[in-house]
Amino acid sequence: MSRSYEHTTVEARWQVYWEREGIFRATEDASRPKYYCLEMFPYPSGRIHMGHVRNYAIGDVVARYKRMRGFNVLHPMGWDSFGLPAENAAIERGVHPDVWTHENILYMRSQLCRLGLSYDWTREVATCEPGYYKWNQWFFLKMYEKGLAYRKRSSVNWCPSCETVLANEQVEEGLCWRCDAVVIQKELEQWFFKITDYAEELLRGLTTLTGWPERVLVMQRNWIGKSLGVEVDFPLAEPKPDLPAIRIFTTRQDTIFGATFMSVAPESPLVERLIEGRPQAASVREFVVRVSRQDKAVRTDADREKEGIFTGAYAVNPFTQARIPIWVANFVLYEYGTGAIMAVPAHDQRDFDFAKQYGIPIKLVIQNQAGSLTEDRLDGAYEEQDTAGRLVNSDRFSGLSVPEAKTKIAAFVEEQGLGRRTVNYRLRDWGLSRQRYWGTPIPMIYCRACGVVPVPERDLPVELPKDVPFTGKGSSPLAQVKEFVQAACPKCHGQARRETDTMDTFVDSSWYFLRYCSPQADRQPVDPAASGYWMAVDQYIGGIEHAVLHLLYARFFTKVIRDLGLTKADEPFLNLLTQGMVTKETYRCATHGWLLPSDLLGSEGEGWRCAICQGVAQKGRVEKMSKSKKNVVDPERLIDTFGADTARLFSLFAAPPEKDLEWSDSGVEGAFRFLNRVWRLLGDLAGTLHAERGTSNEREAEPVAPQVLELRRLTHRTIKKVTDDIERDFQFNTAIAALMEFVNGLYKFAAERHADRSGTPAPGEAAAFGEAAEALVLLLAPFAPHVAEELWEVLGRAPSVAQQPWPQYDPALVASERLTIPIQVNGKLRSKVEVPADSTEEHVLAMAKQDAKISEWLQGKPTRKVIYIEKKLVNFVV
RNA sequence: GCGAGAGUGGCGGAACUGGCAGACGCGCGAGACUUAGGAUCUCGUGGGAAACCGUGGGGGUUCAAGUCCCCCCUCUCGCACCA
């Protein structure tokens with residue numbers, strides 16, 4: 001064969017073959033070990049981007065490799081197809097979200113197929129299909145029954161640009177995670193999932209996730225934010241019958257003797273009770289209104305000034321009996337703990353700042369080791385939590401260390417009936433109501449007579465109406481659709497109103513991996529038998545941006561679904577690989593902003609100019625590919641020019657999966673060149689191999705020439721290296737490097753073979769070369785599957801290479817016969833000697849001393865010490 | 001501020017438990033084949049004339065340090081009043 005490598009024909013041919021033969025279809029088979037390989041499903045935005053290519057190339061190597069290792073692999077794909085962009089398309093271009101979404105899915109599916117990804121497409125799901133979101137509604141009803149879904153009026157994060165509510169997880173530094181608009185607070189009736197019921201289990205479960213990156217575990221741990229402390233009642237100086245005391249939460253009960261005032265959150269209803277009938281009432285109210293109007297960005301700003309106002313009321317410190325003032329303070333959070341705190345300025349920096357500002361006394365109750373702290377000369381809070389500090393001014397507890405005091409005071413609080421030990425979490429319940437159209441309708445009905453009534457299960461799904469006005473203004477489009485809103489009450493059949501909010505789209509992605517196990521199940525969302533076989537996901541691959549949001553919600557849903565008896569899995573994802581971003585250099589012009597590569601003139605050496613204005617263009621930083629920075633590369637163009645195998649190979653070779661991948665056009669060409677090299681090598685030699693195969697069944701039968709043995713060693717070392725690199729955290733970049741070395745070695749071998757072609761091949765040569773060629777194709781198959789299939793056929797083997805077993809290496813052939821031992825003198829490399837691998841220490845040392853360069857270095861100097869590391873190195877210390 | 005990770009040739013990156021720093025690729029240089037080469041093949045390629053010097057900087061441990069310990073600098077990411 002000497003036909004050139006035509007990627008377009010080759011790739012199309014095998015994609016058709018795989019599909020036609022159903023090579024990647026997965027069925028439950030109890031006799032085989034399963035492997036569930038999953039990549040995060042995409043939002044159908046229109047076209048795939050390089051981030052998808054990388055994500056799915058990584059996943060496909062894992063799936064194909066595991067298949068060749070004999071696993072029954074489930075490798076599904078689907079569409080996270082509810083979401084705002086579809087609605088925006090409707091508003092901006094008048095295309096219905098449903099049409100827009102389905103067109104996008106159609107196109108992107110064809111793009112994924114062109115990448116040659118080994119999915120079982122019969123299991124495809126799209127979350128915007130009634131057959132899928134019906135089960136979102138079903139889960140919602142089940143959770144409502146169990147009290148895990150509830151409705152409450154509360155102050156919520158509101159994105160004025162998306163015109164919808166956001167969960168806490170979806171607010172980043174006071175900005176909307178999706179559009180970066182400043183999030184404001186709004187009072188609304190909202191549906192919540194009681195994720196806090198699972199806080200402890202979600203936290204404990206993290207310790208079992210040994211296959212997750214440490215930083216994701218840390219992020220989740222921090223997000224859940226468990227703290228142990230006590231709740232203590234501080235009696236009011238003028239108690240009211242229904243309000244005798246104010247309850248606080250603290251983790252620093254050891255400092256309770258230093259509490260010189262109290263602070264209450266502005267939103268707390270306590271405020272109104274405390275100021276009743278006092279002269280301070282009006283100004284306090286004014287303060288509360290002012291603070292609660294501030295938007296999230298201002299309120300959560302790190303160096304926001306501490307502000308407060310005295311309520312006029314006093315409490316009594318139950319430990320010191322001191323009368324202490326009660327303040328309202330802007331930094332106290334209503335949603336955390338009890339919404340009120342005891343303030344210990346000497347040992348809490350926030351309280352210290354506050355006390356200094358308003359002239360509140362500071363009382364020292366922990367002294368440092370030197371005993372140098374004094375109340376009047378403190379320039380910051382002494383926040384020692386370890387054993388270095390000792391309690392002072394704390395009655396019977398004085399002299400204790402902080403940890404001792406924490407335990408003893410907590411016990412004392414309980415003994416005296418002043419309060420109790422408690423646990424607090426930072427995690428809040430998941431607000432899931434969204435005032436949008438393109439999402440799952442929440443299956444609830446409001447009846448004037450019966451109140452809130454769930455839609456009966458038999459009436460599911462509550463389908464999204466198609467005929468809806470998209471104006472982009474006002475409340476949810478659903479609320480405008482009379483036929484949708486008007487509903488009969490399921491209980492009394494009277495006229496009632498349907499809930500018009502839809503669910504957060506994170507609900508969709510919280511259980512799709514379970515749906516893949518039995519995508520056609522129509523009596524329940526998940527078939528327990530199927531999920532029993534496939535769950536949990538053995539390897540999950542996706543971007544780090546979901547470290548908290550999606551991965552926390554999915555863990556929560558899995559536990560709820562387990563408690564419903566539909567799966568046995570406690571955790572959805574056993575191993576998690578968070579792949580890095582795809583980045584590229586950027587260019588900027590002072591007047592025209594970010595520049596496309598096509599708007600650049602000049603070169604690296606002579607400098608860049610803007611093609612629009614001829615002005616100087618600056619080479620910017622390497623940034624994540626994004627349209628706004630104009631540094632994107634379209635995968636489709638890449639596939640057209642070089643083919644899917646090249647696109648895959650480059651994105652796997654240029655960096656290890658978890659690190660960022662910097663785009664390089666010449667790197668892509670390098671990958672393409674490599675595939676061409678492989679193609680030519682096997683093409684040119686296949687003919688020779690076929691010719692000689694008849695006479696060369698002598699593998700291991702007769703003695704082989706030394707260079708043939710070396711070839712076999714190279715083959716087996718490569719098998720080992722590629723296998724080890726994949727097994728060791730999917731180090732595909734070094735695995736591919738080993739394949740390149742292998743190919744370089746084979747070329748060299750072939751060249752030498754041609755060079756001294758005297759007529760008769762060396763003994764065992766054809767067999768050794770056949771073995772090498774076969775191994776090469778098999779090892780290449782997960783990375784460049786199309787080329788591998790084609791070459792497998794060229795080698796005279798029947799398809800599909802994807803179904804072949806992974807090659808085995810012979811340990812005896814992995815070890816070299818001869819070793820090159822570096823020889824050092826005083827730790828510096830001076831020479832090398834080549835010795836048989838089984839040489840004794842004496843022999844190696846003798847060889848080393850004989851070496852001309854070494855004997856020169858050793859001459860006239862007494863050798864003080866000789867370091868000999870077997871098979872590794874010799875070091876003479878003189 | 002707290003937490004995590006990273007800093008290695010002209011560039012992307014190798015180096016697993018301390019043992020030949022720079023695998024592999026890109027780029028660059030030379031040669032071969034060619035009407036031609038931006039195709040392909042072969043060879044070379046950290047710096048330096050050399051001794052030597054080289055893994056962000058400075059100390060240390062060790063026969064031996066990119067790797068271990070201490071101090072410092074820079075960058076990236078996450079969290080950021082959670083009592």
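A note on names: the letters A, B, ... follow the listed sequences, proteins ahead of strands, and every chain is numbered from 1.
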Looking only at the side chain of [X] (C-beta and beyond, no hydrogens), which of the listed nucleotides [options] gets closest?
| X | options | result |
| --- | --- | --- |
| A:V218 | B:rG19, B:rG3, B:rC82 | B:rG3 |
| A:N330 | B:rA83, B:rC81, B:rC24 | B:rC81 |
| A:F653 | B:rG19, B:rA83, B:rG25 | B:rG25 |
| A:L873 | B:rC26, B:rC82, B:rG19 | B:rG19 |
| A:K659 | B:rC63, B:rA14, B:rA21 | B:rA14 |
| A:T250 | B:rA83, B:rG12, B:rC41 | B:rA83 |
| A:R350 | B:rC81, B:rG25, B:rA4 | B:rC81 |
| A:R215 | B:rA83, B:rC20, B:rC77 | B:rC77 |
| A:N744 | B:rU42, B:rG25, B:rA83 | B:rG25 |
| A:N875 | B:rA64, B:rA23, B:rC82 | B:rA64 |

For the pair made of [atom1] in [X] and [atom2] in [N], what is the distance, rounded to whole Å?
| X | N | atom1 | atom2 | value |
| --- | --- | --- | --- | --- |
| A:N676 | B:rU40 | CG | P | 7 Å |
| A:D660 | B:rG5 | CG | C1' | 11 Å |
| A:D724 | B:rU17 | CG | C1' | 15 Å |
| A:D851 | B:rC20 | CG | P | 18 Å |
| A:E6 | B:rA39 | CD | P | 19 Å |
| A:R54 | B:rG12 | CZ | P | 15 Å |
| A:L829 | B:rC52 | CG | C1' | 14 Å |

Legend entry - Basic-acidic side-chain contact under 4.0 Å: A:D851, A:K853: no

Inset, instruction - In plain terms, say whether A:R717 and A:E741 are close enough for a salt bridge, that is, a side-chain N and a carboxylate O under 4.0 Å apart. - result: no

For [X], report the nucleic acid contact type (base, sugar-phosphate, nothing); a contact means any heavy atom under 4.0 Å.
| X | result |
| --- | --- |
| A:E214 | nothing |
| A:R673 | sugar-phosphate |
| A:G337 | nothing |
| A:S666 | sugar-phosphate |
| A:S227 | sugar-phosphate |
| A:N424 | nothing |
| A:P656 | sugar-phosphate |

Phosphate OP1/OP2 of [N] contacted by [X] side-chain N/O (<4.0 Å):
| X | N | result |
| --- | --- | --- |
| A:R680 | B:rA39 | no |
| A:R728 | B:rA15 | yes |
| A:K748 | B:rC43 | yes |
| A:T734 | B:rG13 | no |
| A:N733 | B:rA23 | no |
| A:R426 | B:rA80 | yes |
| A:R830 | B:rC52 | yes |
| A:R221 | B:rC79 | no |

Inset, instruction - Taking atom CZ of A:R677 as the centre, report whether more than 12 heavy atoms of other residues, nucleotides or ligands fall under 6.0 Å from it. - result: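 Enclosed: over 12 neighbouring heavy atoms sit under 6.0 Å from CZ of A:R677.
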
Legend entry - Minimum side-chain heavy-atom gap A:W679-A:L675 below 4.5 Å: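 Result no, sub-4.5 Å side-chain heavy-atom pair not found.
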
Inset, instruction - Could you tell me whether the side chain of A:E623 reaches within less than 4.5 Å of the side chain of A:E585, counting heavy atoms only? - result: no

Inset, instruction - Check whether the side chains of A:T586 and A:N631 place a donor and an acceptor atom closer than 3.5 Å, and report yes or no. - result: no

Inset, instruction - Indicate whether the side chain of A:D660 and that of A:T583 have a donor and an acceptor atom separated by less than 3.5 Å. - result: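 No, no side-chain donor-acceptor pair sits under 3.5 Å.
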
Inset, instruction - Test for a donor-acceptor pair under 3.5 Å between the base of B:rC20 and the side chain of A:K832, counting only N and O atoms. - result: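 It does, because a donor-acceptor pair links the side chain of A:K832 to the base of B:rC20 below 3.5 Å.
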
Legend entry - Pair of N/O donor and acceptor under 3.5 Å linking B:rC81 base with A:K306 side chain: yes

Is there a Watson-Crick or G-U wobble partner for [N] with both distances under 3.5 Å, and if so, which one is it?
| N | answer |
| --- | --- |
| B:rG31 | B:rC41 |
| B:rC77 | B:rG3 |
| B:rA15 | none |
| B:rG54 | none |

Inset, instruction - Take A:T255 and A:Y382 through the test side-chain hydrogen bond (donor to acceptor under 3.5 Å, both in side chains) and record every step on the way to the result. - result: CA-CA 11 Å; A:T255 64; A:Y382 179 60; over 6 Å; no

